[in-house]
Every structure is written in C-alpha cells, then in structure tokens.
Amino acid sequence: MTMIGLVDCNSFYVSCERVFQPRFLGLPVGVMSNNDGCVIALSNELKALGIKMGTPAFEIQHLVRQGRIHLLSSNYELYGDMSARVQEVLEEYSAGVEPYSIDEMFVRFDGFAKDQRLKHARQLHRKVRQFTGIPVCVGVAPTRTLAKLANRAAKKIPTYQGVCVLHPDSRETQVLLKKIELGDVWGVGRRLVERLAVIGIKSAWDLAQADPKRIRRQFSVTLERTTLELRGIPCIEMNDFHEPRQRIMTSRSFGKLTGDMSEIREAIRQHGQRGAEKLRSQNSLARAVLVFLKTNPFRQDLPQYSPSLILELPRPTNDSRAILSATGQALQRIYRKGYLYQKGGVMLLDLIDAGRQQLSLFDTPQSDADRQRSEKLMGVMDELNRRMGRSTVTLGRPSPGAAWHLRCANRSARYTTRWDELPIVRV
DNA sequence: TGGGCGGCT
DNA sequence: AGCCGCC
C-alpha cells in the first residue's frame, strides 16, 4: 500500500523571519513579494485582521505607519537556506523526500504498519520544529491529492494539532471530503469551481463521486487524475526537481513606470544574462528567445500595450552574447514610444540538452572552434560570479540607480548565508 | 497590485 | 498561443 506524507511549513517566510527575530512572535507580520508589491506570506495574527494573501502593500501602508502591523521585504536567500534545512531533517528521519516547493515537501510513508503512521508523522512534525525552528503541518494519505487535503485539515482543524493521517478507504477521509471546499482541492482553481458547480459538483466529495471518464470528456485529463486521486488511486507523479526546466523566464517589474528605451534596454539585457546563466547551470541550449513588455493594466487612464516577440536563434546556444544579441533585436522591434511600461522580461524557449546537441549540417570547423571559445568564456564568467557574488562580471555597462532596480526597503539580514550578516547573540 | 514554472486545448 | 493551475 502506497502512502505519502506532505510536510508544509506554516506561514513559511514569516516563520523564517521569526526564527531570527523572535520579537515578531505573536505579532501581525507579513512578507511582501519582490519589489515590495503585495503580501505573499501572513502570520495568523495578520490573517486575523482580515488581510488576505495577495493584498497590495500600498493598501495597508497606513497600518504599517501606525505601527499596527509589520511588513518585511522578502529575503529569498534566507528562505532558500531554511528550506534546505527542513529538507535535511526530513531526509534524516524518513525514507525519501521530494521537494515540491520552497515550503512543501512530499515524504515517503510506505512500509509503516497502520498503527505506526501517526507516530511517525508526529515525529517529523516535532523534529523539524526542534532542529530548524520552523513550525510545520503534516498530512499523510494514499495519494498526493489526499495528502494535500490531510495537510489542509491538519492546518485548519485544531483537534489534529498539526498532524493528520488518512488511512486508505477510511471513514475519516469521507468526512473530510464532505467538509472541505472544492476550491481547496489541489488542482481545482477558481475557474474550475465555477464550471463544476454548473453540473452540480460542489464539494470535494461530489468530485470524488463523479465519473472520471465524464470529467475527462468535459474538462481535462488533469482533473480526471484529481478525481481518481480523491478516491485513493495514485496517478499523479512528481516532476523530478532534477529534471531541467523546459523554458526559463526572467522578468521583473521596473521600479516605476518608464518609457525610457535606454532604461528598458538595460533591464532586458539584465534578464537576458540572468536567463543565460540559468540555462548554463542546467546544461541546456535555447533555440529561441521571447521578449515581452507590459504597460500597467491597472492604469486604465493610460494607453495599454503589451507586445511580445519570439526570435529563433541562428543556432541553439547558451552563450550570453548570442542571447543578448537576439533579445536586443526583439526589443528593438516591439518597443514603441509613447507608452509607460511597467514590466519586461525574457523567456528562453525550446530548450535542449547541451550534451545531446546534434551537429548541424552547416557546422564547420570554424564554428566548432567558436563554440569552444564560447564555452570557455561563459565558464569563466559563471565561475567568477559564483565565487565573487552575482553580477561581478556582466556584459555591457553597469548602470547604478536605474529605474528597474529592486525595491526591498525592509529586508532582514541573510543570517545563514553571509558571514558579515550573522546574527549577534548576547548571553 | 510578484515571479516563475508545468500542462492542456 | 492562450488559459489555467500551483506556490
């Protein structure tokens, strides 16, 4: 019998901050997205004030000024490191871990006798807290979808105290399916909830009772799988985290609205280089690039323009110079004067494995030599940036103070990954 | 008023 | 290419 656990960190980003700044314990605290745009992690105290995930930060700035709530800029270096620590603890106490996101990990639960599952789940719950300081909830069930559901119950229903085990075909599973809202089921979003309501499916239980073939016909294979998983039949595999990405996107809001071509060009160059680095780190080549710009859709008083353009590369490459050359051309062609742009970015598409690149018919010894030089140059750049910090070596001129620099006014120290930012303890 | 990925139609 | 899903 397959059994799978899902360990989900509570208010993960907020919890990371609290580990190093205990004064935030018990207070309404939120962590904002990149660019301090909106709230993406909330402490329970902040949720209790009625503030929701995704609330724009500017809407609640008055509460910050009054000192009634605290908003922190996000500190991904810290969260990434804390996530690795959680994973290490789970690996130590379990038979296998599949990271799913920065704050969620699936854990193998096969091979435990029925009466041992709860004990083991409680042990994971306790050990992660003990060794990392991060509070987590644990859900265990025969499928990933049910494990997510169990986790949700563990988080929301106090009697579970953070740990919920659903044994195969149990009464408890039925009760929960009837209690949990459809939109809380993994894979069922807002739109599907609306469409399912039309045919009378309103709860997770209803979906579990539906005919999978009909679901497949009227909706999709993904939803059919969800339906089967709700019945305890495993059919969703994890994307292996080690599989290379199929496409790579780097984009960011400019710090302010801008129509200035030179500022935008700099930002796009930055994204192109960052994308090329990601490409090389997963040992892939791109066959095409996409560049996009976007005006601010919330400013209906301003003219709207959201162009994008795909350019094929002359040959598959991960050379920053070739990629920048393509992104530059694409930008040139989509940029229009007279608009204020909010955001821009680069996607690298049609990725292939660098090791399995077929030699093109048109390859000559000359281009082979070029490729070797390219690999050498890119390798040196990546190595310098790795050792000395990101953006030590870049192509093109740096432009300090440009509009597109990240806003992160209230970021905490990178306590666990920078020697000069170690926390200080007084005893 | 985020950023970045996958999958299906 | 566009939509939807997830976190």
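Each chain gets a letter, A, B and so on, in the order the sequences are listed, and its residues count up from 1.
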State which of [options] makes the closest approach to the side chain of [X].
| X | options | result |
| --- | --- | --- |
| A/Asn34 | C/dC7, B/dG2, C/dA1 | B/dG2 |
| A/Tyr100 | B/dG4, C/dC6, B/dG2 | C/dC6 |
| A/Trp186 | B/dG6, C/dC7, B/dG2 | C/dC7 |
| A/Arg191 | B/dC8, C/dC4, B/dG4 | C/dC4 |

Regarding [X], tell me which of base, sugar-phosphate or nothing describes its non-hydrogen contacts under 4.0 Å with the strands shown.
| X | answer |
| --- | --- |
| A/Asp36 | nothing |
| A/Ile310 | sugar-phosphate |
| A/Tyr13 | nothing |
| A/Phe58 | base |
| A/Glu104 | sugar-phosphate |
| A/Arg299 | nothing |
| A/Val31 | nothing |

(message) Side chains of A/Ser320 and A/Gln273 only: does a donor on one sit below 3.5 Å from an acceptor on the other?
(response)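 No, no side-chain donor-acceptor pair sits under 3.5 Å.
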(message) Any donor-acceptor pair, under 3.5 Å, between the side chain of A/Arg247 and the base of B/dG6, if you only look at N and O atoms?
(response)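 When only heavy-atom distances are counted, A/Arg247 does reach the base of B/dG6 through a donor-acceptor pair under 3.5 Å.
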(request) Flag the pair A/Glu45 and A/Arg18 as a salt bridge only when some basic side-chain nitrogen lies within less than 4.0 angstrom of an acidic carboxylate oxygen. (result)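 Between A/Arg18 and A/Glu45 there is a salt bridge, with a charged N closer than 4.0 Å to a carboxylate O.
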(request) Would you mind checking if A/Lys148 and A/Glu229 are paired as a salt bridge, meaning a charged N to carboxylate O distance below 4.0 Å? (result)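 A salt bridge is absent here (no side-chain N lies under 4.0 Å from a carboxylate O).
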(request) Would you kindly compare A/Thr250 and A/Val221 by the position of their nearest DNA chain B nucleotide and give the one closer to the 5′ end? (result)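 Its nearest nucleotide lies further toward 5', so the answer is A/Thr250.
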(request) Would you indicate, yes or no, if B/dG6 has its OP1 or OP2 atom less than 4.0 angstrom from a side-chain nitrogen or oxygen of A/Arg245? (result)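 For A/Arg245, the contact criterion (side-chain N or O under 4.0 Å from OP1 or OP2 of B/dG6) is met.
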